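All remarks here apply to the structure that follows.
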2 protein chains.
Amino acid sequence: ILAAPAIATANSDLEKLSQNPANWSMWGGNYAGTRYSELDQINTSNVKNLQPAWSFSTGVLRGHEGGPLVINDTLYVHTPFPNTVYAIDQKTQSIIWEYTPTQDADVTVPVMCCDTVNRGLAYGDGKIFLQQSDTVLTALDAKTGKRVWSVQNGDPKLGMTNTQSPLVVKDKVITGISGGEFGVRGFLAAYDIKTGQLAWKGYSMGPDSDTLIDPSKTTTWKDGKVAPVGPNSSTSTWEGDQWKIGGGTTWGWYSYDPKLNLVYYGSGNPSTWNPVQRPGDNKWSMSLWARDADTGAVKWVYQMTPHDEWDYDGINETVLVDQEVKGKLHKTIVHFDRNGFGYTLDRETGELLVAEKFDKSVNWATHVDMNTGRPQVVSKYSTEQNGEDVNTQGVCPAALGSKNQQPVSYSPQTGLFYISGNHLCMDYEPFEVSYTAGQPYVGATLTMQPAGADVLTGQPDGSTNLGQFTAYDAKTGKIAWSNKEPFSVWSGSVATAGGVVFYGTLEGYLKAVDAKTGQELYKFKTPSGIIGNVNTWSYNGKQYVGVLSGIGGWAGIGIAAGLDSGKEDSNSEGLGAVGAYRSLSSFTKLGGTLTVFALPN
Amino acid sequence: ILAAPAIATANSDLEKLSQNPANWSMWGGNYAGTRYSELDQINTSNVKNLQPAWSFSTGVLRGHEGGPLVINDTLYVHTPFPNTVYAIDQKTQSIIWEYTPTQDADVTVPVMCCDTVNRGLAYGDGKIFLQQSDTVLTALDAKTGKRVWSVQNGDPKLGMTNTQSPLVVKDKVITGISGGEFGVRGFLAAYDIKTGQLAWKGYSMGPDSDTLIDPSKTTTWKDGKVAPVGPNSSTSTWEGDQWKIGGGTTWGWYSYDPKLNLVYYGSGNPSTWNPVQRPGDNKWSMSLWARDADTGAVKWVYQMTPHDEWDYDGINETVLVDQEVKGKLHKTIVHFDRNGFGYTLDRETGELLVAEKFDKSVNWATHVDMNTGRPQVVSKYSTEQNGEDVNTQGVCPAALGSKNQQPVSYSPQTGLFYISGNHLCMDYEPFEVSYTAGQPYVGATLTMQPAGADVLTGQPDGSTNLGQFTAYDAKTGKIAWSNKEPFSVWSGSVATAGGVVFYGTLEGYLKAVDAKTGQELYKFKTPSGIIGNVNTWSYNGKQYVGVLSGIGGWAGIGIAAGLDSGKEDSNSEGLGAVGAYRSLSSFTKLGGTLTVFALPN
Ligand SMILES: O=C(O)c1cc(C(=O)O)c2c(n1)C(=O)C(=O)c1cc(C(=O)O)[nH]c1-2
Ligand SMILES: O=C(O)c1cc(C(=O)O)c2c(n1)C(=O)C(=O)c1cc(C(=O)O)[nH]c1-2
């Protein structure tokens with residue numbers, strides 16, 4: 001009884017902070033993950049005058065994902081491993097405090113699949129939450145940087161690491177786990193905000209008691225309707241004990257609906273990447289989840305890519321907006337999956353409303369059957385049907401997906417989603433692999449190539465661009481417009497009330513485009529390639545736009561980890577990224593800089 | 001006979017390049033080392049509108065000294081160890097080629113006294129010359145980045161390294177050596193521009209045959225006139241063989257007078273820092289040199305700090321301008337020494353014209369006796385007189401000098417020199433040390449403090465600033481104006497025909513001030529602390545200003561090498577810099593970024 005008011009306060013504090021567009025208080029700008037800002041000082045007419053206002057080198061190289069949090073006067077900036085946190089005074093741009101956790105690089109770094117990235121901090125209850133690479137979740141006093149508590153969330157010796165940003169919900173801090181390439185069984189965990197004690201933990205696969213699925217209450221989409229999943233919905237889709245090393249990690253972004261009290265997120269690929277070794281649907285890998293924030297109980301779950309054969313992790317962010325679909329207003333959840341489909345569901349019920357390709361070059365499936373909710377796989381591109389040690393060629397998208405971790409933004413002004421996209425296909429050859437704890441458990445070799453086809457039509461067009469920036473209507477599943485980018489857009493965008501959408505490019509450009517038309521209005525070459533998210537806030541009446549640059553992540557792994565021999569023999573290094581992104585090294589080098597932009601005084 | 005025209009061409013090519021202000025073809029902008037640019041598009045009225053135009057992360061952390069060379073369409077950017085070179089296309093800002101030499105970090109980095117800095121490249125004869133840290137001098141094809149030749153200039157196993165920028169003069173590349181803290185005997189060496197073959201080598205100390213001093217022709221300033229130095233001018237000022245490990249390294253900047261065909265530079269501290277161990281004047285450490293460019297023969301030499309007791313290396317740059325002093329027009333050489341005196345000499349004859357303190361807080365000597373050319377040492381601050389194991393306190397300047405490697409600029413418009421200065425004093429305690437090849441041979445412990453006195457008057461004023469930016473008239477020895485800076489200004493300035501002087505600060509600000517008054521007109525916080533030199537050039541009719549940021553060097557060694565425990569016990573680490581610059585870490589972190597500025601379109 002005593003706890004209740006406190007909980008309510010912590011939660012509504014954070015909600016209030018996020019409703020003030022002066023702040024950027026969580027990764028998505030708000031619980032809905034829209035990455036939309038009400039600020040309109042920078043607009044389509046004056047954004048051409050934008051200029052860097054100040055910059056800050058983090059002192060760390062390699063991939064800088066995520067973006068700064070802004071809480072009143074203070075900016076909180078994080079880095080990739082070793083995960084240093086800086087509290088920066090906006091007024092003086094000097095460092096109020098810094099914190100670098102003690103982590104064993106030799107144990108942790110080698111088991112980070114896709115660069116030493118970290119997607120950012122969370123704020124709540126006067127604390128900054130740092131999800132360290134070595135899985136330790138740490139709470140720091142936001143004023144002093146002193147450690148309040150730490151908790152071990154996994155074991156790097158078993159291939160578990162962390163890269164994602166935690167989410168503060170009420171009296172809990174929610175986090176997940178990485179390691180799908182090491183046979184780690186994914187989970188979502190909630191820790192007490194005051195003490196770090198585990199409150200609940202729901203696995204992506206395993207017995208119902210592990211997944212926190214209630215066979216009769218938890219629903220999914222089947223036969224054209226929402227229905228209970230039934231008992232053993234996960235274990236029955238795996239052979240024997242395979243689910244124990246089954247992947248389905250949770251390294252993406254989480255969102256939250258305070259009214260429904262549900263936390264939303266996606267789970268990743270089943271382990272191994274060799275589908276022949278794991279018969280069955282491999283539930284609940286590759287799924288969208290709705291869990292009760294207090295208990296972790298699963299409200300509904302929906303598997304997008306049953307029995308994955310291409311590494312199409314389902315972890316991409318979920319955006320919560322209310323939209324009218326086919327004449328009916330829904331509380332929707334919108335998710336652009338690696339597999340190339342954009343999904344619109346009713347977030348209260350899990351009803352499947354729309355599932356359309358947001359890049360028409362996608363060829364692994366013809367469509368999603370709206371009745372079963374399952375994709376119709378094209379045999380030619382089925383790495384399972386083609387079998388082990390056969391190189392399945394020209395599968396679109398490539399393993400890193402039509403979109404990867406880079407979060408979309410949504411503008412209520414246009415009703416459009418802005419998708420930072422990849423535009424590649426791949427050759428994928430599965431092979432037999434055996435599991436050893438803490439060792440890579442991948443089981444496929446790949447190379448990637450430009451999609452060479454039109455995003456809007458899917459027609460081959462001889463193009464060589466690896467990226468697209470696409471505006472998409474999630475009510476109808478239609479693409480509004482799409483801009484080509486030479487390289488994947490690995491940076492999350494932000495949409496503003498000024499009618500502008502900002503994103504970064506792998507060469508290092510911060511770009512501003514017109515939200516209505518996609519017309520490029522401004523660009524600036526920041527020090528290094530951008531894989532961070534663009535955030536916006538205001539201070540003393542001035543609107544700022546900030547972004548971390550620092551090339552890396554999966555797309556930039558060749559540069560970040562020095563994997564490129566410069567020759568063809570290294571094309572399949574970095575899980576296939578090295579060959580595809582080789583020419584990127586003519587445009588950018590390692591770095592780690594926050595660049596903050598504003599209009600001139 | 002065949003070689004002669006080719007030589008003339010190579011030399012005049014480079015001179016021509018340097019006369020076109022679109023280029024920045026050598027460290028000083030021109031052979032005279034004035035760091036003055038005829039460009040005036042950016043001027044005192046519009047510089048407030050300056051903004052970053054693009055930026056480029058070098059992919060390397062630690063101290064970034066020097067600045068980019070600009071030769072027509074191409075920018076050549078260097079990095080600290082591992083000394084990567086980038087050729088960057090100005091039009092696209094993409095990398096045309098890059099080159100990273102193979103160097104043994106374990107051998108070289110530990111014997112670099114003051115961070116892993118490199119002060120930049122030289123251009124000539126279609127080649128880029130890279131003076132690697134490990135002493136290898138490498139010539140690269142400027143178009144392709146392919147190595148043309150390499151030559152070993154020293155041996156890091158004996159404590160020899162290189163940090164300075166080479167200078168191309170006619171058919172030769174001139175370089176020096178670092179290692180004064182390791183008992184290295186300094187020299188200047190000239191290598192054939194086509195083949196890398198050694199042309200001549202002149203030591204700072206030793207027999208006349210080693211120094212290339214002609215006892216009867218080489219002159220110095222004594223008894224109020226220019227006179228021959230006489231035989232054994234060096235060896236006679238050392239005890240026994242001490243000159244063999246006597247220091248006098250040549251790690252600063254070199255300039256050249258094509259008409260006189262003389263190369264100018266300064267030599268560094270005698271080894272060890274314990275003066276008691278090396279009786280005598282220790283010639284020709286701490287001296288200004290004029291050498292014939294073709295033969296290395298010494299025209300004249302002048303020792304500024306005989307028998308150094310404070311580590312006041314004489315290596316700072318020499319600027320060659322023609323000035324009227326006491327009613328007579330001289331071809332002058334102007335040099336602002338670490339010891340706090342600004343020297344104006346006739347560069348043809350070596351006649352001493354002016355020697356005045358450019359920071360009146362300097363207290364180790366009352367003045368320079370214009371007759372003998374020797375400083376009048378104040379006993380209280382003589383670490384020799386106070387003796388071994390005695391802590392001589394409050395010596396001004398501190399060992400890193402009233403100015404260090406950061407080169408000055410000179411504006412013919414104002415007739416003033418712009419000095420990036422340090423404003424610290426020190427406690428210095430010499431101790432007995434024995435020489436072991438390749439091991440530190442320092443022999444003193446120091447700590448540093450703010451000077452706490454006025455630059456213009458020397459009066460104690462309780463100030464805590466560690467830096468000054470000072471305008472000085474080298475004709476009269478008078479300070480025109482001086483701005484306080486919180487930290488040492490470790491960045492070389494540039495003066496322009498627009499009436500503006502640019503410099504960088506350790507916190508990371510690029511600043512523009514009015515050349516006449518010192519009034520601050522613009523500042524921008526670049527990613528990291530600036531110890532690089534600001535250069536300016538133009539491209540397609542637009543004037544650019546560029547500077548490397550990347551904290552380090554001696555002043556920033558605490559951050560660069562992670563030497564600061566955060567506690568007093570580390571105050572004397574980094575040869576005394578850690579304690580003095582501790583608070584710098586609240587302002588900036590490691591980085592390595594070129595930021596290029598321009599006026600808006
Ligand atoms: O299965 C996993 O646990 C896991 C983890 C991560 C990660 O934590 O960064 C990535 C992936 N998978 C992955 O498939 C992927 O494409 C990817 C890209 C990136 C990135 O940051 O660029 N991380 C990851
Ligand atoms: O005696 C030498 O050989 C030597 C070398 C160097 C160098 O090469 O950087 C420095 C010094 N001394 C030195 O005394 C000094 O103050 C200094 C500062 C710096 C710098 O780059 O910040 N280097 C050096």
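Just so it is clear, the structure is predicted and the values come from calculations on it, not from any experiment. Chain letters run A, B, ... following the sequence lines, proteins first, then strands; residues in each count from 1.
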Could you tell me which portion of Phe56(B) (side chain, backbone, both or neither) has an atom closer than 4.5 angstrom to a non-hydrogen atom of chain A?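 Answer is both: backbone and side chain atoms of Phe56(B) are under 4.5 Å from chain A.
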- Pro52(B) versus chain A, the contacting section by heavy-atom distance below 4.5 Å: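 Both parts, heavy atoms under 4.5 Å.
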Inset, instruction - Taking ring pair (Phe, Tyr, Trp, His ring centres under 6.0 Å) as the test, write out the residues that go with Phe81(A), two or more places apart. - result: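 Testing Phe81(A) for ring pair (Phe, Tyr, Trp, His ring centres under 6.0 Å), a comparison that skips the adjacent residues, returns none.
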(Q) Let's test your reading of the structure: which of Gly529(B), Gly59(B), Gly591(B) forms the most heavy-atom pairs below 4.5 Å with chain A? (A)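 Most heavy-atom pairs under 4.5 Å with chain A: Gly59(B).
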Top contributor to chain A interface from Ile96(B), Leu590(B), Ile551(B) [non-hydrogen pairs under 4.5 Å]
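Heavy-atom pairs under 4.5 Å are most numerous for Leu590(B).
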Chain A and chain B: which donor-acceptor pairs fall below 3.5 Å?
from	atom 1	to	atom 2	distance (Å)
Ser55(A)	N	Lys525(B)	O	3.0
Ser55(A)	OG	Lys525(B)	O	2.8
Ser57(A)	N	Pro527(B)	O	2.7
Ser57(A)	OG	Leu590(B)	O	2.5
Gly59(A)	N	Leu590(B)	O	3.1
Gln93(A)	O	Lys525(B)	NZ	3.3
Ile95(A)	N	Ser586(B)	O	2.6
Glu98(A)	OE1	Lys589(B)	NZ	3.4
Glu98(A)	OE2	Lys589(B)	NZ	2.4
Lys525(A)	O	Ser55(B)	N	3.0
Lys525(A)	O	Ser55(B)	OG	2.8
Lys525(A)	NZ	Gln93(B)	O	3.3
Pro527(A)	O	Ser57(B)	N	2.7
Ser586(A)	O	Ile95(B)	N	2.6
Lys589(A)	NZ	Glu98(B)	OE1	3.4
Lys589(A)	NZ	Glu98(B)	OE2	2.4
Leu590(A)	O	Ser57(B)	OG	2.5
Leu590(A)	O	Gly59(B)	N	3.1

